[in-house]
Amino acid sequence: MTNSKFTAGVIPEMQRKYIHKLASQGTRVDGRNFDEIRKLTITKGYIPRAEGSALVNLGDTRVLVGVKIEPGTPFPDTPNMGILTTNAELAPLASPTFEPGPPGEEAIELARVVDRGIREGHAVDLEKLVIEEGEKVWVVFIDIHVLDYDGNLFDAAGYGALAALTNAIVPASRYELGDDFSLPVQHYPVPVTFAKIGNWIVADPNLDEESIASARLTVTTSEEGHINAMQKGLCGTFTYEEVQKVINMSMNIGAKVREIILGDSNVKED
Amino acid sequence: MGMKSDIKLIDDNGLRIDGRLPNQLRPIKMEVGILKRADGSAFVEWGGNKIIAAVYGPNEAYPKHVQEADKAIVRARYNMAPFSVDERKRPGPDRRAVELSKVISEALESVIFVEKYPRTSIDVYIEVLQADAGTRVAGITAASLALADAGIPMRDLIVGCAAGKVDDVVVLDLNKEEDNFGQADVPMAIMPRTKEIALLQMDGDMTYEELTTAMEMAMDAAKKIHEMQVEALKRKYIKEVDEDD
């Protein structure tokens, strides 16, 4: 997912030196501060055919998330809860390094990290999605479609998933199960991802930064300032102090991102 | 995580359902070099977990396009036996196993001197024979021993350990019930010498204080587990030297 066959070897080494040099001067390839994320715009309801949707632009990374909702059978161990399932597709149009075919480990990790934030943060009140206890519940499908990959898919997909859930309508009337109603969203867990570059830590890495990062850490926090999910990636390491710092930065940045996700400034298309 | 239940996980004396204190590990047994064919192997019994790890390599990486010109690739495969859990698990990797294999590979690579073996692969197979919560961290602990047994040079003997939260108490090393009905789980892999964190995941709901307490608890326990690893390696290798005399 990081190094393309065409840039492996010499170019990453030059890139590494360049990005390290910038970091030592306190700046980044696109001029951001270390704790600054790229411009985030979210268009809710982009796909009216879907029950909920959001198009996310995080810098040049573009992800479309759609939510479909249909009746299904509950899991035997949770007869009084609806079902949430998350899937991610790295469409080949998004990057020369993405290939067609069944989801690889990157797509699976992406879907599972987004899922973990939404699930453990109890974003959706699944107990309100029961049609008939033990027999029939609403199944919420979150599908993440990556359209343009310029780094940090975890956050773009996480913001898109939350935004799509907040504007989703349960299509009860379509199945003659009463009136349509808004999907009950009760919490707003927001992921923020950081990359370790040399001894520096930067928020929302773009593709250049991601391709030379030694380690990555995603921390999902709630509006109450609790931590709901974490995922470390890549083969570098973090110290305990770095993890503490990352968690604190994630809470600060997450609060600002939450306002954007919940804001009314988004384009609503009917 | 977070399944609702009326089970009380911490009793009035502050003890857990298996009688442990909050910062107490389950019993752990380790044995090195238990497979004949593998280049390195280890068996770890950790509470009710029974896990074998085997290492093959470094061998020429195959297929060729996965080779890296300047380093070895580390491929860990985490696999659960169909009979390892209450309800039979369908054989083969599910999405969880794919994710765990990825993060375990990355964690192990962080400790191996991969730059010494360009164009090779180091394959690590982790087989969960019986699962009892904390399989990934027990698997990493076993893999670390198997890598040492295979003679692969490493910066440190990596240790897996988890902490979490049950009934609002931060506890070390969750068991099955605590994993199912608890409030949070924080699996980690730690380099005991430098205290670097090579694997870190978390799910559930924790405050900053609870999370940092849990991480400190796991890092403390990592020292004890590391001592057990060293003892297990000595048991194998010191015995072999004696037999040669």
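In what follows, chains are A, B, ... by sequence order, proteins preceding strands, each numbered from 1.
When A:Glu109, A:Glu105, A:Arg112 are compared by the number of non-hydrogen pairs under 4.5 Å with chain B, A:Arg112 comes out ahead. Looking only at heavy-atom pairs under 4.5 Å with chain B, the residue among A:Val219, A:Thr218, A:Asn248 that has the most is A:Asn248. The candidate with the highest count of non-hydrogen atom pairs below 4.5 Å against chain B, out of A:Ala229, A:Pro189, A:Gly233, A:Gly117, is A:Ala229.
For the pair A:Asn228 (side chain) and B:Gly204 (backbone), a donor-acceptor distance under 3.5 Å is present. For the pair A:Tyr240 (side chain) and B:Thr212 (backbone), a donor-acceptor distance under 3.5 Å is present. A distance-only check finds no donor-acceptor pair linking the side chain of B:Lys102 to the backbone of A:Glu106 [under 3.5 Å].
Smallest separation of non-hydrogen atoms from A:Lys232 and B:Ala198: NZ-O, 2.6 Å. Considering every non-hydrogen atom in both B:Val98 and A:Ile108, the closest pair reads CG1-CD1, 3.8 Å. Among all heavy-atom pairs drawn from A:Gln231 and B:Val103, the shortest one is NE2-CG1, 3.5 Å. Across all non-hydrogen atoms, the minimal contact from A:Gly236 to B:Ser110 is O-CB, 4.3 Å.
Residue A:Tyr18 qualifies as open at atom OH: its count of foreign heavy atoms under 6.0 Å is 12 or below. Residue A:Asn199 qualifies as open at atom CG: its count of foreign heavy atoms under 6.0 Å is 12 or below. In this structure, B:Glu115 places its CD atom where more than 12 heavy-atom neighbours from other residues, nucleotides or ligands lie under 6.0 Å away. Around atom NZ of B:Lys71, more than 12 heavy atoms belonging to other residues, nucleotides or ligands sit under 6.0 Å away.
Atom OG1 in B:Thr207 sits 6.5 Å away from atom CD1 in A:Ile227 (nearest 0.5 Å). Atom OG of A:Ser222 is separated from atom CG of B:Asp205 by 6.0 Å, given to the nearest 0.5 angstrom. Separation of atoms CE (B:Met191) and OG1 (A:Thr239) is listed at 12.0 Å; rounding is to 0.5 Å.
Salt bridge absent: A:Arg216 and B:Glu106 never bring a charged side-chain N and a carboxylate O closer than 4.0 Å.
Residue contact with chain B, scored on non-hydrogen atoms closer than 4.5 Å, involves the side chain of A:Ile247 exclusively. If you measure heavy-atom distances from A:Asn87 to chain B, the contacts under 4.5 Å come from both the backbone and the side chain. For a residue to count as touching a neighbouring chain, one of its non-hydrogen atoms must lie under 4.5 Å from one of that chain's; by this rule A:Met81 does not touch chain B. For B:Leu211, the part sitting under 4.5 Å from any heavy atom of chain A is the side chain, from C-beta outward, and nothing else. If you measure heavy-atom distances from A:Val243 to chain B, the contacts under 4.5 Å come from the side chain alone. Of the atoms belonging to B:Ala69, not a single heavy atom falls under 4.5 Å from chain A.
Among A:Arg116, A:Met230, A:Glu120, the one residue that satisfies the side-chain contact (heavy atoms from CB on, under 4.5 Å) test with B:Met202 is A:Met230. The side chain to side chain donor-acceptor pair (under 3.5 Å) test with A:Thr237 is passed by exactly one of B:Glu196, B:Arg155, B:Lys195: B:Glu196.
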